[in-house]
Amino acid sequence: MESKRRVISLLVDNQSGVLARVSNLFCRRGFNIDSLTVSATNDPAVSRITVTITSDEKALSQLILQTERLEVTRQVFVLDHENSLERELKLAADVHNRSELREIASIYKAKIIDLSPDSMVLELTGRPEKVDAFLKILADYKILEQCRTGVTALERGGMHQHMQKPPQEVRAAQLPLPGTHCPQ
């Protein structure tokens, strides 16, 4: 099966240790996490974890089933690349060729967020492909530091179907927790 980049969004209980439990599950299953972000949602009891991995369809299905079994998981869904808004932040610093760097920043719609006598810090938000292209253009310049925050993503078009079910209904439909037995 073909492995490809997948963006998984999880809605989880907002409590201490949840990130460790989720990331440990991914690690135990042999997945390398390409990017990971955690953020608050409009519900203070819920956090959103966005994970980017490379996987084939079979391994992805197994991972989702196991992630849904975690008691802290409310909902898990894979975001479709075409129907989601993915954003990533890039910070770079350089000292030379300010006018050229300003022009590149303008073309890519990057913001200059700091300017000092010996450096310039640029901020770029966009799809990972846009950030990759930006970095490729900047490869000819001296980059003092860079930081990529990872993908944050939401589906387009209002409330997605996974958000329309209350957590209790989603939990009732989930498979039993490991170690429990299914009724015969």
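In this chain, residues are counted from 1 in sequence order.
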message: Which heavy atom of Ala59 sits nearest to which heavy atom of Phe31, and what is that distance?
response: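 Shortest heavy-atom separation between Ala59 and Phe31 comes out as O-CZ, 3.6 Å.
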
- request: Show the numbers, then the answer: is there a side chain to side chain contact (heavy atoms under 4.5 Å, CB included) between Thr41 and Asn14?
  value: CA-CA 9 Å; Thr41 65; Asn14 183 12; over 6 Å; no

query: When you check the side-chain N and O atoms of Asn32 and Thr54, is any donor under 3.5 Å from an acceptor?
result: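 Result is no, nothing qualifies.
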
task: Could you verify whether a donor N or O on one side chain and an acceptor N or O on the other, from Gln62 and Arg29, lie under 3.5 Å apart?
output: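 Their side chains do not contain a donor-acceptor pair, so the 3.5 Å distance test is not met.
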
Does some side-chain heavy atom of [Y] sit less than 4.5 Å from a side-chain heavy atom of [X]?
X      : Y      : value
Leu135 : Val131 : yes
Arg48  : Thr37  : no
Ile8   : Ile53  : yes
Leu101 : Leu138 : yes
Asp56  : Glu2   : no
Thr50  : Val7   : yes
Leu124 : Lys130 : yes
Leu63  : Ser55  : no

message: For Lys111, give me all partners under side-chain contact (heavy atoms from CB on, under 4.5 Å), at least two apart in sequence or on another chain.
response: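 Only Ile113, Glu123 meet the side-chain contact (heavy atoms from CB on, under 4.5 Å) criterion with Lys111.
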
query: Excluding sequence neighbours, so at least two apart, what forms side-chain contact (heavy atoms from CB on, under 4.5 Å) with Asp80?
result: Glu82, Asn83

Thr67 and Leu10: CA distance, side-chain angles, deciding distance, side chain to side chain contact (heavy atoms under 4.5 Å, CB included) verdict: CA-CA 9 Å; Thr67 306; Leu10 298 90; 3.1 Å; yes

Cationic N near anionic O, under 4.0 Å, [X] to [Y]:
X     : Y     : value
Asp34 : Arg5  : no
Glu71 : Arg21 : yes
Arg6  : Glu57 : yes

Residue pair Val78, Leu60: steps toward the side chain to side chain contact (heavy atoms under 4.5 Å, CB included) verdict: CA-CA 9 Å; Val78 179; Leu60 176 68; 3.9 Å; yes

message: I'd like to know if the side chain of Ser106 and the backbone of Arg102 have a donor-acceptor N/O pair within less than 3.5 Å.
response: no

field: Under 3.5 Å: donor-acceptor pair, side chain of Ser9, backbone of Phe77
entry: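 Pair absent, no side-chain N/O of Ser9 close to backbone of Phe77.
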
message: Is there a side chain to side chain contact (heavy atoms under 4.5 Å, CB included) between Ile104 and Tyr141? Walk through the geometry before answering.
response: CA-CA 11 Å; Ile104 293 168; Tyr141 298 89; 3.6 Å; yes

Nearest-0.5 Å distance that lies between atom [atom1] in [X] and atom [atom2] in [Y]:
X     : Y      : atom1 : atom2 : answer
Ile49 : Ser39  : CD1   : OG    : 9.0 Å
Asn97 : Glu103 : CG    : CD    : 11.5 Å
Leu11 : Gln75  : CG    : CD    : 5.5 Å
Ser23 : Arg28  : OG    : CZ    : 9.5 Å

field: With Thr52 via side-chain hydrogen bond (donor to acceptor under 3.5 Å, both in side chains) - residues at least two apart
entry: Ser35

